[in-house]
Amino acid sequence: MPYTPSAIEPKWQEFWERNKTFRTEDGGPRPKYYVLDMFPYPSGAGLHVGHPEGYTATDILARWKRMQGFNVLHPMGWDAFGLPAERAAVRDGIHPAIITKRNVDNFRRQIKRLGFSYDWDREVDTSSPDYYRWTQWIFLRLHEKGLAYQASIPVNWCPALGTVLANEEVKDGRYVETGDPVEKRMMKQWMLRITAYAERLVSDLDLVDWPEPVKKMQREWVGKSHGAEITFAIAGHANRTFTVFSTRPDTLMGSTFCVLAPEHPLVREITTPACKAAVADYVEVAGRKSDRDRTSADAKEYSGAFTGAYAVHPLSGENIPIWIADYVLAGYGTGAVMAVPGHDERDFAFATKFGLEVIRVVKALDGSEPKLPYSEDGIATNSPGFDGMTTEQAASAVIAALVAKNAGKGMVTYRLRDWLFSRQRYWGEPFPMIELEDGTMVPLPDDTLPVELPALDDFKPTSDGRPPLARAEAWCKTTDPRTGRPAQRETNTMPQWAGSCWYYLRYIDPKNTTAPWDRAKEKYWLPVDLYIGGTEHAVLHLLYARFWHKVLFDLGLVSTPEPFQKLFNQGMILAYSYRDASGKYFHPKDVEEKDGKSFVKGTGAALEKQVEKMSKSKLNVVSPDEVVDEYGADSMRLYEMFMGPLDAVKPWQMNGVEGIYRFLQRTWRLVVTDEDTLHPGITDGAPSPELTKATHRAIAKVTSDLSNMQFNTAISAMMILVNTLTESQVRPRWCLDQLTLLIAPFAPHLAEELWARLGHPTTLAYEAWPKFDPAALIDATVEIPVSINGKMKDVIVVPRGADQSTIEAAARSNEKIAKLIEGMTIKKVIVIPGKMVNLVV
RNA sequence: GCCUGAGUAGCCCAAUGGCAGAGGCAGGGGACUUAAAAUCCCUCAAGUAUGGGUUCGACUCCCAUCUCAGGCACCA
């Protein structure tokens, strides 16, 4: 029988399912290994080939670790709450739960076809009441700790979506997912006090084995900065002060004016009558500007208005003017800055525009006076009492002087803001909170959970702008279970991030009905040993999940300070797309390529070929289904790993799959003939030295590549072994067994089938991983390149372990080399035993 | 603008500072076949983005530049 994935793959998938081959026990003598995928949002479009990239990598490692004797936890589930299902529900009039179930079923089907060794008994679904009951439970713990609160704040309101968005979801004034514009609105919202964990979210990054760029992005997101808080009195307003934050307190003596954000609460009060009109105008204009306009990079045009008021410089006692300008952000720090135009680009640009005084208070370290604005560190100057000090010394001295005058102190601030945690949506976790008649918001007791979503058939916000849940009037109207008094349910829901903040914990104990997870099981399984997913979650998901985990840690509910010990980001898979001169895209099946150029089939019109992100509109999406249909799951898996390093961005090439398919066929034919018998060359005898060595070499290479997650080169090593065995008419069973075990994590269906045909009665999922003998890899002789002036000229063969003089003699007596060096003086000979010889002439 | 990462045959990609090639695709040739497909065998090809530097020796280390990808961008 020729290699027929469509026959053997379903067979083994059924076998694994029927025998619960991959069911995981919680505990036992084997060491544990928890390998986790970032679970998918089950979209209506189904899987594309990017999803299984990470899943294949984790599956290979999971299978490999099992063969190495680890107790492996490898689960899968669904991040099932979310906006797309709700929008589809509004559009099609179908309940989001039904849409979600349909999508989940499709995702599960697609994933199961790829033969991943998940323990499906642990599948979780964040939109199931059994799951979100515990999401609500964790929210109550956050609330108890004072980490969840309501506040009326300016929020990012997205009119197109009819909901607010977290700061992280907005970029350049638009929703990052859809590009819909976002505007500021004051609203009462649930907030989570993630800022209380800012310091630990930064410092604990030292505890984990994550890619440096991701750590950096998280550090920058938290944005820790050291400096001083400085209080300014206001001339003529005896009881009024304002506070600024500065990272450069050493430049305080160079502060020639102050700037408040237009929204600063003091603006109205301190503005003098003469300036009132101009200031009011400016506040109005600034308020109307969108975030996008206010921060757009090209709009380097500074604007502002003078309030007429003066601040008292805390050290010099001089009066300096107070301006307002929208380059000072109301939401960051104190919403006010001391302007040091000599040493800050923005202040400099502003001072230039409005003719304000600029003075130098920092010289370069070499004493020179670089052009202003000069924002590097240096030596203080023009700063009575601090002259001659370095930036660092001056900063501490200024802080000390401020402390003495009770006008400031050293301070650390963070860019991180509290997390806006409510959405005006239907398809999310309801808050387990009720509002009493007196307006107080109180938590529901744990034993009333879950607060289930009410049945609705219209998921739009109400006509008066309240969230969809407000439509469920009977549901909203409730009583306080403690007092029996009437109450209203909270109608906001949690954002999609909520469910994904703790799913890795639920996998540990997914069926527990009395607790979110069992403590002993948690202690056994955590932390996650390896977490693989895309870079798109480098900040948001990972920061939120770490925050929740730390809260749970402080509550004694989890035993590790960090949830994910090692993180790895897979690179994105791109695809070729074809576009004609007018910009119209063509599907690859309508394209033919000739001499490296692309043409439309039929018409012959010339096309541009480029590599782009897969997208429907570019007609370049590849679905795993089509690949599995044509080549099988094993080819799909192997090709995804063979394309290149896991973390590289790389283009999908269908004929690359073809090459992999051919490799698997060759592997198959080593063992099975087209007549469906065992290959006649298979023997039980000892393999030849050559085949022994080739096999040991493959074992060594695949093993070390797997430990470094270098799947592409591991596959290459297996190809070499297969090619070597193909050349041989004698096929020692030992070699074939070893090869089958090596390939098992990568192409498990093929491996199981060959394993069975080679006469093994049980699954190879728990067979011991092959061991190699380092001695078997050593050759009796080694080839050593000989170069002259660093250019390789010939190769000599010497016994392994030959000493320098032997090698040098061999090199000099080599016919070709001897001829080349004839008549030349050898200035120097470099011999690295076992490596090379270099003659310098 | 700033910070990362990456540029190696036509393409995807390998190479502890020591023979530029492991593997795959595509191309060429051959065997098998009535023929084709499939299969098997053989084979072609770049000197590593560019310019400097360190070294006996550089794809690898250092500096500058270019291109691409990703992240950040009034955060005081």
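Source: prediction; values computed, not measured. Proteins come first, then strands; the chains are lettered A, B, ... in the order of their sequence lines, and each starts at number 1.
Between the side chain of A:Arg360 and the main chain of A:Val362, a donor-acceptor pair closer than 3.5 Å is present. In this structure, A:Thr673 contributes its side chain and A:His679 its backbone to no donor-acceptor pair below 3.5 Å.
For the C1' atoms, the distance linking B:C66 with B:G57 amounts to 28 Å, nearest Å. If you take atom C1' in B:G21 and the same atom in B:G47, they sit 12 Å apart, rounded to whole Å. The gap from the C1' atom of B:G52 to that of B:C11 amounts to 31 Å, rounded to the nearest Å. One P atom belongs to B:C40, the other to B:C25, and the distance between them is 10 Å to the nearest Å. Across B:U8 and B:G71, the matching P atoms stand 22 Å from one another, rounded to whole Å. With P as the reference atom, B:U67 and B:A73 are 24 Å apart, rounded to whole Å. Separation of the C1' atoms belonging to B:A20 and B:A46 is 9 Å when rounded to the nearest angstrom. On the C1' atoms, B:C12 is 27 Å away from B:G18, given to the nearest whole Å.
Nucleic acid contact for A:Tyr576: sugar-phosphate only, since backbone atoms but no base atoms lie under 4.0 Å from a heavy atom of the residue. A:Thr535 comes within 4.0 angstrom of no nucleic acid atom, judged by non-hydrogen atoms across all strands. Heavy atoms of A:Pro2 sit nowhere under 4.0 angstrom from any nucleic acid atom.
If you measure from atom OH of A:Tyr332 to atom P of B:A73, you get 12 Å, rounded to the nearest angstrom. Rounded to a whole Å, the CG atom of A:Leu839 is 14 Å from the C1' atom of B:C19. Following rounding to the nearest Å, A:Met643 (CE) and B:C12 (P) show an atom-to-atom distance of 11 Å. In this structure, the CG atom of A:Leu664 is 14 Å from the C1' atom of B:G23, given to the nearest Å. Atoms NZ (A:Lys650) and P (B:G7) sit 14 Å apart, rounded to a whole Å. Across the protein-nucleic acid pair, A:Asn838 atom CG and B:A58 atom C1' stand 13 Å apart, rounded to whole Å. Remark: C1' of B:G70 and CG of A:Asp647 are 13 Å apart, rounded to the nearest angstrom. Atom OH of A:Tyr302 is separated from atom P of B:C74 by 10 Å (rounded to the nearest Å).
If you check B:G10 for Watson-Crick or wobble pairing at under 3.5 angstrom, you find it paired to B:C25. When both pairing distances are held under 3.5 Å, B:A15 makes no Watson-Crick or G-U pair with any nucleotide shown. Nucleotide B:U65 forms a pair with B:A49, judged by Watson-Crick or G-U wobble geometry with both contacts under 3.5 Å. Remark: B:A38 base-pairs with no nucleotide in the shown strands. Criterion, Watson-Crick or G-U wobble with two distances under 3.5 Å. With a cut-off of 3.5 Å on both Watson-Crick or G-U wobble distances, the partner of B:C44 is given as none. If you check B:A58 for Watson-Crick or wobble pairing at under 3.5 angstrom, you find it has no partner at all. Look at B:G70: its Watson-Crick or wobble partner, with both distances under 3.5 angstrom, is B:C3.
Two residues, A:Lys613 and A:Val337, neighbour RNA chain B, and the one matched to the more 5' nucleotide by heavy-atom proximity is A:Lys613. Mapping A:Lys828 and A:Thr334 onto RNA chain B by nearest heavy atom places A:Lys828 at the nucleotide closer to the 5' end.
In the set B:C56, B:C74, B:A76, B:C74 carries the atom at the smallest distance from any side-chain atom of A:Asp326. Looking at the side chain of A:Arg415, the nearest of the listed nucleotides B:C72, B:G18, B:A22 is B:C72. In the set B:C56, B:C74, B:C3, B:C56 carries the atom at the smallest distance from any side-chain atom of A:Val840. With B:A14, B:A76, B:C72 as the choices, the nucleotide that has an atom nearest any side-chain atom of A:Pro645 turns out to be B:A14. The side chain of A:Pro785 sits closest to B:C19 out of B:A73, B:C56, B:C19. Comparing B:A22, B:C56, B:C74 against the side chain of A:Ile830 picks out B:C56 as the nearest.
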* Given A:Lys216 and A:Glu212, is the salt bridge (Lys or Arg N to Asp or Glu O under 4.0 Å) satisfied, shown in steps? -> CA-CA 6 Å; A:Lys216 193 166 183 236; A:Glu212 242 357 276; over 6 Å; no
* Just do the side-chain contact (heavy atoms from CB on, under 4.5 Å) check on A:Ile324 and A:His264 with the steps written out, would you? => CA-CA 9 Å; A:Ile324 62 169; A:His264 196 285; over 6 Å; no
* Apply side-chain contact (heavy atoms from CB on, under 4.5 Å) to the pair A:Phe568 and A:Trp210, showing each step before the final yes or no. => CA-CA 7 Å; A:Phe568 194 91; A:Trp210 285 19; over 6 Å; no
* Kindly determine whether A:Ser787 and A:Val837 satisfy side-chain contact (heavy atoms from CB on, under 4.5 Å), including the steps that lead there. => CA-CA 6 Å; A:Ser787 46; A:Val837 179; over 6 Å; no
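Seen from the ring of A:Tyr302, A:Lys353 does not count as a face-on cation partner, given the 6.0 Å and 45° thresholds.
Base orientation of B:G47: syn (glycosidic angle within 90° of 0).
Relative ring orientation between A:His541 and A:His537 is described as perpendicular, the plane-to-plane angle rising above 60° on a 0-90° scale split at 30° and 60°.
Legend: residues meeting side chain to side chain donor-acceptor pair (under 3.5 Å) with A:Lys650, ordered by chain and number and at least two apart, are A:Glu53.
Taking side-chain N and O atoms only, A:Ser787 has no distance below 4.0 Å to OP1 or OP2 of B:G18.
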* What is the per-nucleotide protein-contact pattern of nucleotides 24-46 of chain B, from the 5' end, where B denotes a base atom under 4.0 Å from a protein heavy atom, S denotes such proximity for sugar-phosphate atoms only, and - denotes neither? -> SSS------------SS------
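Contact of the A:Leu416 side chain with the A:Lys224 side chain is not registered, since no non-hydrogen atoms from C-beta on lie closer than 4.5 Å.
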